[in-house]
Amino acid sequence: MILNRRQFSQLSGMAVGSSAFRATGLGLEPADFTLDIAPYLVEVSPKRHYRTAAYNNQVPGPVLRMRQGHNYTVEVRNHTADPEVVHWHGLFLPSAIDGAMEEGTPMIPPGGTASYTFNPDPPGFRWFHTHTFAGKDLSKAQYGGLHGFLLIEPRGATERYDREVFLGLHDWGGHFKGSDDGYMMPVYDASTINGKTLGFGEPVRVKQGEQVLMHILNSSPTEIHWIALAGHSFHVIALDGNRITHPQTVSMLRLAPAERISAVVEMNAPGVWVLGEVRKGVQAAGMGIVIEYANATGKPVWNQPEGLVWNYSQFATKGQTAPQNGTTQIELAFDSKFQGHGNEELWRINGQSYPQSHSPLLKAGQRYRLVMKNQSMDDHPIHLHRHSFEVRRVDGSAELHGLWKDVVLLRAGSTAEVEFVADNPGKTLFHCHQQDHMDRGFMMVFTYA
Amino acid sequence: MHKIKLNLAAKAILVVAAILGGLGTAVAQGNYEIQVYGADTVAPKNLMVELHSNFTPEGQKYYVDGVLPTNHQEHETLELTEGINNWAEVGFYVFTSSQDGHGVQWVGDHIRPRVKAPDSWHLPVGLSLSTEIGYQRAVYSPDTWTWEIRPIVDKTLGRWYLAFNPALERTLHGPDVNQGLGFSPGVKVSYDFTRVVSGGLEYYADYGRLVRFDTLHNQQQQIFAVADLNVSPKWEINVGVGLGPTAATDHLIVKGIIGRRFNWGHHSAVE
């Protein structure tokens with residue numbers, strides 16, 4: 001019998017059972033953090049409400065701050081009617097608690113509780129989110145409100161900023177629509193920052209002369225977002241939580257689904273400004289937040305950029321580095337199979353869709369280069385669980401180094417190459433972070449020999 | 001022998017037509033624009049240019065009420081559709097006809113505004129409403145001014161596409177001016193064989209007055225076997241062969257539509 005992802009997850013959930021999970025949580029210690037997953041009505045604007053689920057009755061979920069080198073226990077209680085699981089995105093965790101059923105993390109049954117105990121690593125801006133199946137229900141899984149910020153502070157002294165701000169980009173009210181390339185794709189009614197449309201939420205209040213560290217997360221199920229702050233620029237210091245070798249000051253940011261950017265903004269232009277999506281239609285759908293200086297009044301000001309500008313390679317060191325001996329190359333080709341103009345396509349890696357896809361075998365300690373060829377007409381934010389990878393080539397660039405990420409956007413028709421060391425044995429999920437793509441087969445599990 | 005086969009074929013077509021008719025139905029468009037409309041409108045700042053080419057190998061061979069015979073007529077119709085916004089468009093038609101002994105003749109013009117239900121309504125089907133008004137020369141249609149209102153419902157289900165156009169027509173000037181509303185349904189059912197090639201059936205009819213249908217003998221009924229080629233988002237290609245089994249219908253028509261979508265104006269990535 002061939003299983004699709006929904007059937008696979010149902011069987012996985014059944015196999016886990018309601019009593020087995022606590023034992024696999026590895027933690028019987030008192031919880032440092034508690035996450036309650038429960039139904040929630042998110043009010044993105046006075047006229048728009050969406051029924052969803054949320055962590056601790058808020059969207060986005062709480063900011064969890066942890067320090068590298070310490071053990072933490074997070075207790076998660078599932079008050080919804082659906083099995084849930086929490087993925088700790090960007091951490092090097094064992095498969096049993098990484099938060100993907102495909103790796104063997106048990107689902108938390110309805111009414112169940114799970115404890116995740118771990119020593120968080122690597123340091124930086126991570127996040128946590130649900131990792132379930134949505135299919136055609138565009139209110140479930142990542143389409144909903146189950147996402148939150150996770151900051152791992154490094155050992156020792158950390159840099160201090162006058163203010164730290166967490167901003168989550170999200171899209172709501174998805175429905176399928178025929179696209180120009182002849183397939184169905186999700187489109188959205190509303191776009192938000194921190195769960196509110198522009199002008200509806202509380203402004204970010206700052207003072208002149210402050211250095212504000214902005215941690216920006218794109219938790220959108222499927223959409224890439226471009227963000228600018230009128231009157232200001234961003235000094236980008238980290239991508240996906242990893243410090244970059246070439247911090248750059250840029251006028252706008254691009255974040256694919258699941259990507260994070262940490263950037264310092266010098267508050268040197270008193271006034272009331274809009275931080276928002278650069279594309280007019282998306283900002284009109286609500287993606288923006290007001291940045292308000294102390295004692296400043298007036299209508300928020302937006303300066304419309306004329307184009308979209310972003311380039312991964314500006315943050316990396318260019319040029320050939322000494323070849324790494326013994327790097328094993330794994331070629332991965334991404335394409336899709338037509339299923340009718342009224343269906344989403346079936347996504348394939350090397351001609352196979354999950355769970356039928358084969359599982360490349362990794363040898364612990366071995367360095368691998370993934371050569372990823374996107375033969376489709378869509379962009380794909382590619383995510384590797386439980387490891388970070390170094391982006392070596394992307395968007396036609398020369399050889400790069402020093403750019404460490406856990407998600408890379410692979411543009412339609414392009415090739416990207418990333419390298420990682422297989423240093424965290426256990427099942428490791430590799431997938432496109434677009435919810436509709438992963439639901440339709442765009443996943444693969446690496447296994448260790 | 002040939003006649004018997006033809007009758008069987010005609011009966012089979014009528015059975016299919018009856019089944020399709022049970023779904024609801026659509027429009028009589030004359031043989032100038034033979035198309036079942038989909039619900040989507042042309043995007044703003046886009047112009048859709050379509051050429052409809054319809055040839056009647058076997059049609060009316062005699063003058064009827066001063067109207068030219070349709071047999072071996074070649075109709076070329078230019079259709080220009082401009083998107084107004086995300087839910088409205090306006091179409092404009094130039095109808096022509098060519099035929100041995102008559103040369104190329106201008107037949108008439110129509111204008112066709114259309115609105116659709118916005119995506120934000122989240123309807124389970126595509127829904128739009130078109131209205132068309134225009135003039136055609138009496139030598140091609142005794143009713144020279146006509147008006148049509150056409151609801152359009154469509155739905156894509158996996159590889160299947162269904163469209164239903166239950167159109168109502170009214171003569172504004174001509175012999176049928178006192179006939180009231182006529183019912184002219186159209187239906188399309190097609191299947192995606194591949195990403196590029198879809199094939200199916202289109203059904204067109206003119207049942208006569210809404211309150212009292214014509215006899216079957218006098219109704220117009222056409223069924224087309226069609227293919228759509230989805231070669232590019234910019235292009236629209238549709239070809240088909242149609243049979244008209246009733247006495248009031250041209251018996252054999254070959255049709256083709258080729259359309260090209262043009263963007264105009266400044267298109268910035270931030271728009």
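Just so we're on the same page: letters track the sequence lines, and every chain starts at 1. Not measured: the values here are computed from a predicted model.
Within 6.0 Å of CZ on B:Arg260 lie more than 12 heavy atoms contributed by other residues, nucleotides or ligands. Residue B:Glu271 places its CD atom among more than 12 non-hydrogen atoms of other residues, nucleotides or ligands, all under 6.0 Å distant. Residue A:Lys140 qualifies as open at atom NZ: its count of foreign heavy atoms under 6.0 Å is 12 or below. Annotation for B:Trp87: atom CH2 does not count as buried by contact number, only 12 or fewer foreign heavy atoms lying within 6.0 Å.
The structure places NZ of A:Lys177 at 5.0 Å from CG of B:Asp40, a figure rounded to the nearest 0.5 Å. Here the NE2-CZ distance, from A:His341 to B:Arg159, works out to 9.5 Å after rounding to the nearest 0.5 Å. Atom CZ of B:Arg195 is separated from atom CD of A:Glu345 by 9.0 Å, given to the nearest 0.5 angstrom.
Proximity to chain A (any heavy atom under 4.5 Å) is shown, for B:Asp119, by both the backbone and the side chain. Neither the backbone nor the side chain of A:Gln283 has a heavy atom closer than 4.5 Å to any heavy atom of chain B. Only the backbone of B:Thr194 comes within contact range of chain A, with heavy atoms under 4.5 Å apart.
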